[in-house]
Amino acid sequence: MNYTEEDILKALSNVDDPDLRKDIVTLGMVKNIRIAGNNVAFDVELTTPACPLKDMIRNACINAVQHLVSKELTVIPNMTSRVTSKREQKEVLPGVKNIIAVASGKGGVGKSTVAVQLARSLRRAGAMVGILDADIYGPSIPTMMGLKGQHPGAEDGRMQPLVKDGLKIISIGFLVADNQAIIWRGPMASSAIRQFTTDVDWGELDYLILDLPPGTGDIHLTIAQSVPLTGAVVVTTPQEVAVADCRKAIGMFNNQHINIPILGLVENMSWFSPPELPEKKYFLFGQGGGQKLSEEFGIPLLGQIPMTENIMTASDSGIEITDVQVRESYDYLAGELARQVAIKNGMQTA
Ligand SMILES: Nc1ncnc2c1ncn2[C@@H]1O[C@H](COP(=O)(O)OP(=O)(O)O)[C@@H](O)[C@H]1O
Ligand SMILES: [Mg+2]
């Protein structure tokens with residue numbers, strides 16, 4: 001049987017990326033077609049390693065080639081990725097492709113936990129990820145990453161982030177004794193944030209996750225003005241008081257002077273299932289808060305995270321979550337976030 005690279009490309013041009021709404025050949029995702037007898041292999045370069053559509057696109061490629069070229073072929077798509085970026089201004093954080101702030105209206109809704117678990121999930125998928133703890137007055141990243149009491153080093157006059165479980169991490173908690181930053185005035189806190197973006201050697205990263213303080217204050221303004229954010233993720237719990245505070249946070253990002261895109265919402269502590277009754281869901285904080293906000297503002301609800309003891313103990317002891325099902329719920333969330341980032345970036349690569 002005779003067939004060429006052209007035939008393969010033509011067949012693959014029937015496979016669409018559903019998010020980018022174009023076919024994968026036009027999008028430039030198909031690379032390195034190799035033909036050896038009845039074997040056809042090629043690379044499909046996705047916009048993120050955390051792409052939730054990976055298996056779907058792989059199967060569509062196999063089907064397209066077998067249907068349109070020949071059923072006799074063994075088709076071997078090799079799914080790779082290169083994270084896209086739409087950053088233009090590169091004075092700050094030049095090697096970082098996407099900067100994502102995790103925000104909330106209220107404290108205690110699980111913002112830091114979501115920030116850490118999103119970072120861990122994106123890393124597990126294969127991305128290069130950092131965490132910048134921007135909660136100057138209440139840094140919890142050192143505890144949640146098991147790095148309490150450690151200090152970053154310096155190289156060539158630049159602060160080096162600590163590295164744990166493949167993540168690069170900076171927090172005010174690494175620089176000052178417990179509670180010392182709490183009494184800082186706004187300008188000092190803002191200057192710490194600026195230093196974390198300008199004086200830290202972050203190197204190359206696909207995603208830098210910023211754990212913001214709760215609410216809408218000085219630090220948020222500093223970040224909005226000095227950090228080129230790709231967008232923000234807003235965390236809420238289902239209950240009305242949290243939802244009401246979230247409206248204020250969303251209002252701040254939407255404000256014409258700030259104008260930061262909201263990539264999606266996360267509903268945390270959505271329900272509790274006792275270990276002895278895993279099928280039963282108790283809605284301790286009510287139901288539907290995330291969905292309501294999503295509809296009200298036209299922002300996607302990226303996912304819901306249940307309340308589990310494992311999340312709390314893993315956060316307190318700075319280790320990975322061991323419960324596979326819980327870890328999968330964060331992986332899902334990270335996939336949906338990466339997807340929103342990729343959609344926002346279109347196909348313009350940095
Ligand atoms: N889904 C969850 N299940 C159980 N405990 C959680 C969950 N999310 C957060 N927590 C716990 O709730 C507390 C507050 O979470 P945290 O992430 O520090 O909130 P925030 O950063 O919004 O103040 C922490 O002790 C954390 O371990
Ligand atoms: Mg926090």
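Because the structure is a prediction, the values reported are computed rather than measured.
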If you apply the rule side chain to side chain donor-acceptor pair (under 3.5 Å), what do you find for Ser121 with Arg124, and how did you get there? CA-CA 5 Å; Ser121 290; Arg124 267 200 297 277; 3.3 Å; yes

Going by the rule salt bridge (Lys or Arg N to Asp or Glu O under 4.0 Å), which residues pair with Asp199 if we only count those two or more places apart in sequence or in a different chain?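 Asp199 satisfies salt bridge (Lys or Arg N to Asp or Glu O under 4.0 Å) with no residue once adjacent residues are dropped.
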
Do [X] and [Y] get their side chains close enough for a donor-acceptor pair, meaning under 3.5 Å?
X	Y	result
Ser112	Asp211	yes
Asp201	Gln160	yes
Asp316	Thr313	no
Thr237	Gln239	yes
Asn98	Asn345	yes

What's the shortest heavy-atom distance between Leu205 and Val129, and which atoms? CD2-C, 3.7 Å

Taking all non-hydrogen atoms of both residues into account, name the closest pair between Glu267 and Gly288 and its distance. OE2-C, 4.0 Å

Salt bridge [X]-[Y], side-chain N to carboxylate O under 4.0 Å:
X	Y	answer
Lys10	Asp7	no
Asp218	Arg185	no
Glu240	Arg247	yes
Arg120	Asp165	yes
Asp16	Lys22	no

Does [atom1] belonging to [X] count more than 12 external heavy atoms closer than 6.0 Å?
X	atom1	result
Glu279	CD	no
Tyr332	OH	no
Glu320	CD	yes
Lys344	NZ	yes

Can you list the steps and then say if Glu295 with Gln291 is a side chain to side chain donor-acceptor pair (under 3.5 Å)? CA-CA 6 Å; Glu295 283 163 16; Gln291 188 61 37; 2.9 Å; yes

Would Lys281 count as a cation-pi partner of Phe283, with NZ or CZ less than 6.0 Å from the six-membered ring centre and within 45° of the ring normal?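 Judged by the rule (NZ or CZ under 6.0 Å from the ring centre, within 45° of its axis), Lys281 is not positioned above Phe283.
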
Rounded to the nearest 0.5 Å, the OG1 atom of Thr113 sits from the CG atom of Leu118 at a distance of 10.5 Å

Can you spot which of Leu265, Leu293, Thr236, Val266 makes a side chain to side chain contact (heavy atoms under 4.5 Å, CB included) with Leu301? Leu265

Residue from Leu167, Ile141, Ile170, Leu147 passing side chain to side chain contact (heavy atoms under 4.5 Å, CB included) with Leu162: Leu147

